[in-house]
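Below is one structure, written out as structure tokens, with a few remarks after it.
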Amino acid sequence: MTSASPSNSGAPQRFPVVVVGAGPAGLTIGNILRAAGVDCLVLEVETREFIEQRPRAGVIEEWAVRGLQRRGLADTLLERAQLHTECEFRFAGERFRFAYGELTGQHHFVYPQPLLVTDLVREYADVRGGEIRFGVQDIELHDLETPRPSVSYTDAGTGERQLVGCEFVAGCDGARGVTRTVLPESTTIARHDYGIGWLALLAEAPPSSDCVLFGIHPNGFAGHMARSPEVTRYYLECPPGDDPENWPQDRVWAELQQRLGADGTPPLTEGRLIEKRVLDMHNYVVEPMTFGRLFLAGDSAHLTAPIAAKGMNLALHDAFLLGDALVAYLGKDDGSGLDGYSEACLRRVWDYQEFSQWLSEVYHGTSSGDEYRAGTTFARLRRLFTSPAAAAAFAEQYLGTAATY
């Protein structure tokens with residue numbers, strides 16, 4: 001919530017920037033600030049152990065990795081990540097390999113988000129000496145429309161209320177975080193519900209392919225994404241709000257084998273399911289991404305369903321722009337980056353939203369029960385593998401190189 005600063009608190013601590021949320025966006029912003037000699041405080045409601053193990057996305061676009069690399073944040077990633085240059089569509093009983101690396105000279109990095117968060121929090125807290133407080137409760141934001149905002153919270157160890165003065169707040173705590181609750185009524189939140197669910201699975205099984213697989217099937221979409229040499233992420237289209245208990249292991253593997261099957265391909269390597277949850281596919285975009293001295297980043301500002309694997313990449317894009325803009329303002333009194341922050345972020349956000357919507361039609365058209373949508377799905381797929389122009393356009397969007405800044 002937002003309010004005037006508590007009058008009964010003692011003299012507050014002060015930091016130029018308070019970052020709420022220790023995900024990829026918040027930790028990247030914190031690291032950019034610390035590298036420039038700017039003090040900041042990161043507040044996180046979960047424990048360090050939790051955020052370093054929380055299962056999330058794993059596909060990072062090359063431009064995002066290069067952005068991390070320029071800021072000294074990609075050493076471990078570059079040593080350990082898998083490189084992917086191709087993906088494969090499987091439909092109508094056949095397989096179609098798409099070599100986007102050959103078309104663009106670029107590739108994806110496969111590096112699970114928990115590993116990236118572990119790298120970022122270690123660099124921020126242990127190497128760069130940044131202040132971070134885990135397990136905090138009841139965060140409140142105060143005086144955001146003044147030059148002297150503040151943040152209060154309950155300390156996890158002492159149970160006491162703490163007040164921190166600052167110049168700016170970076171809201172990186174997701175859709176359910178406190179920073180989304182303080183937005184004024186004039187804020188626009190555009191939403192889109194795809195009307196489908198995905199059963200998200202992690203299997204203790206080595207990848208069954210050297211690339212990402214997309215299964216386009218009348219029973220529903222299926223996806224295969226490597227996470228490590230021992231673990232594979234799978235997705236199965238299902239009804240929204242479905243109960244994961246409706247999907248026992250035998251049923252899961254039977255559907256995966258059918259939806260991802262194609263002539264000339266071996267069966268998938270099966271293994272124990274170690275995660276099983278249903279994701280309802282929806283998107284939202286907050287405009288503008290600022291309110292007074294509050295700047296939103298990552299899922300606080302926008303959500304892109306995992307249809308196109310864009311969420312973590314957008315969070316990093318926001319963090320690069322906001323971190324650099326805060327450094328410019330606090331170090332050089334240059335406010336141009338902050339003034340243009342929301343507009344610059346939203347150009348890429350809407351590019352990725354549009355691509356996600358386009359790709360959703362490819363994934364889900366044949367299972368919709370609508371003959372027209374099924375027909376247009378196959379037209380799009382045929383064009384992708386027969387038209388060099390269509391292939392080049394898809395590769396640019398898939399890699400994020402076509403997005404405008």
Spacing of [atom1] belonging to [X] relative to [atom2] belonging to [Y], to within rounding of 0.5 Å:
X    : Y    : atom1 : atom2 : answer
E79  : Y111 : CD    : OH    : 8.5 Å
T188 : Y284 : OG1   : OH    : 15.5 Å
I60  : L77  : CD1   : CG    : 5.0 Å
E52  : L116 : CD    : CG    : 11.5 Å
D173 : R176 : CG    : CZ    : 12.0 Å
R382 : T377 : CZ    : OG1   : 10.0 Å

Side-chain touch [X]/[Y], heavy atoms, less than 4.5 angstrom:
X    : Y    : result
L399 : E61  : no
C40  : Y124 : yes
Y235 : M225 : yes
S150 : R14  : no
D193 : R191 : no
E44  : F50  : no
L322 : L338 : yes
S208 : H224 : yes

Under a 3.5 Å distance rule, please check whether [X] uses its side chain to pair with a backbone N or O of [Y] as donor and acceptor.
X    : Y    : result
R348 : G400 : yes
Y352 : R347 : no
R259 : L236 : no
H302 : L346 : no
Q249 : L273 : yes
R54  : G23  : no
N283 : Y194 : no
Q397 : F355 : no
D280 : P240 : no
D299 : A175 : no

**Prompt:** Step by step, would you call F91 with F214 a ring-ring contact (aromatic ring centres under 6.0 Å, His included)?
**Reply:** CA-CA 8 Å; F91 58 94; F214 304 122; over 10 Å; no

**Request:** Determine the interplanar angle of the F385 and F89 rings, folded into 0 to 90°, and report it as parallel if under 30°, tilted if 30 to 60°, perpendicular if over 60°.
**Result:**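 Aromatic pair F385/F89 classed perpendicular.
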
**Asked** Do the ring planes of H364 and F221 sit parallel (below 30°), tilted (30 to 60°) or perpendicular (above 60°)?
**Response** perpendicular

Salt-bridged, [X] to [Y], with N to O below 4.0 Å?
X    : Y    : value
D210 : R97  : yes
E255 : R251 : no
R122 : D119 : yes
D126 : R48  : yes

Expected list for residues 164-171: side-chain donor-acceptor pairs under 3.5 angstrom, two or more places apart:
none

**Asked** Does the gap between the ring centers of F98 and F394 come in under 6.0 Å?
**Response** yes

**Request:** Output all residues satisfying side-chain hydrogen bond (donor to acceptor under 3.5 Å, both in side chains) with T158, sequence neighbours left out; order by chain, then residue number.
**Result:**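 T158: side-chain hydrogen bond (donor to acceptor under 3.5 Å, both in side chains) contacts with D155.
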
**Request:** Begin from the C-alpha positions of Y398 and H108 and carry the test side-chain hydrogen bond (donor to acceptor under 3.5 Å, both in side chains) through to its verdict.
**Result:** CA-CA 9 Å; Y398 189 54; H108 282 119; 4.5 Å; no

**Prompt:** Distance only, no hydrogens: is a donor on one side chain within 3.5 Å (strictly under) of an acceptor on the other, for E123 and N31?
**Reply:**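 No, no side-chain donor-acceptor contact under 3.5 Å.
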
**Message:** Do R71 and F320 form a cation-pi contact, if we require the NZ or CZ to be under 6.0 Å from the six-membered ring centre and within 45 degrees of the ring's axis?
**Reply:** yes

**Request:** Hey, could you give me each pair passing ring pair (Phe, Tyr, Trp, His ring centres under 6.0 Å) that has a residue in residues 236-259? Not counting sequence neighbours.
**Result:**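 Counting only pairs at least two positions apart or across chains, the ring pair (Phe, Tyr, Trp, His ring centres under 6.0 Å) contacts touching residues 236-259 are Y234-W253.
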
**Prompt:** In terms of heavy-atom contacts, does CZ of R66 have more than 12 from other residues, nucleotides or ligands at under 6.0 Å?
**Reply:** yes

**Item:** Over all atoms of both residues, closest heavy-atom pair of C238 and V278
**Value:** SG-CG1, 4.0 Å

**Item:** Least distance between heavy atoms, A315 atom then A25 atom
**Value:** O-CB, 3.8 Å

**Request:** Determine the sole option in Q137, R161, Q162 for which the side-chain hydrogen bond (donor to acceptor under 3.5 Å, both in side chains) test with T154 is passed.
**Result:** R161

**Message:** Applying side-chain hydrogen bond (donor to acceptor under 3.5 Å, both in side chains) to S367 and E237, what does each step give before you reach the verdict?
**Reply:** CA-CA 9 Å; S367 61; E237 181 185 344; 2.9 Å; yes

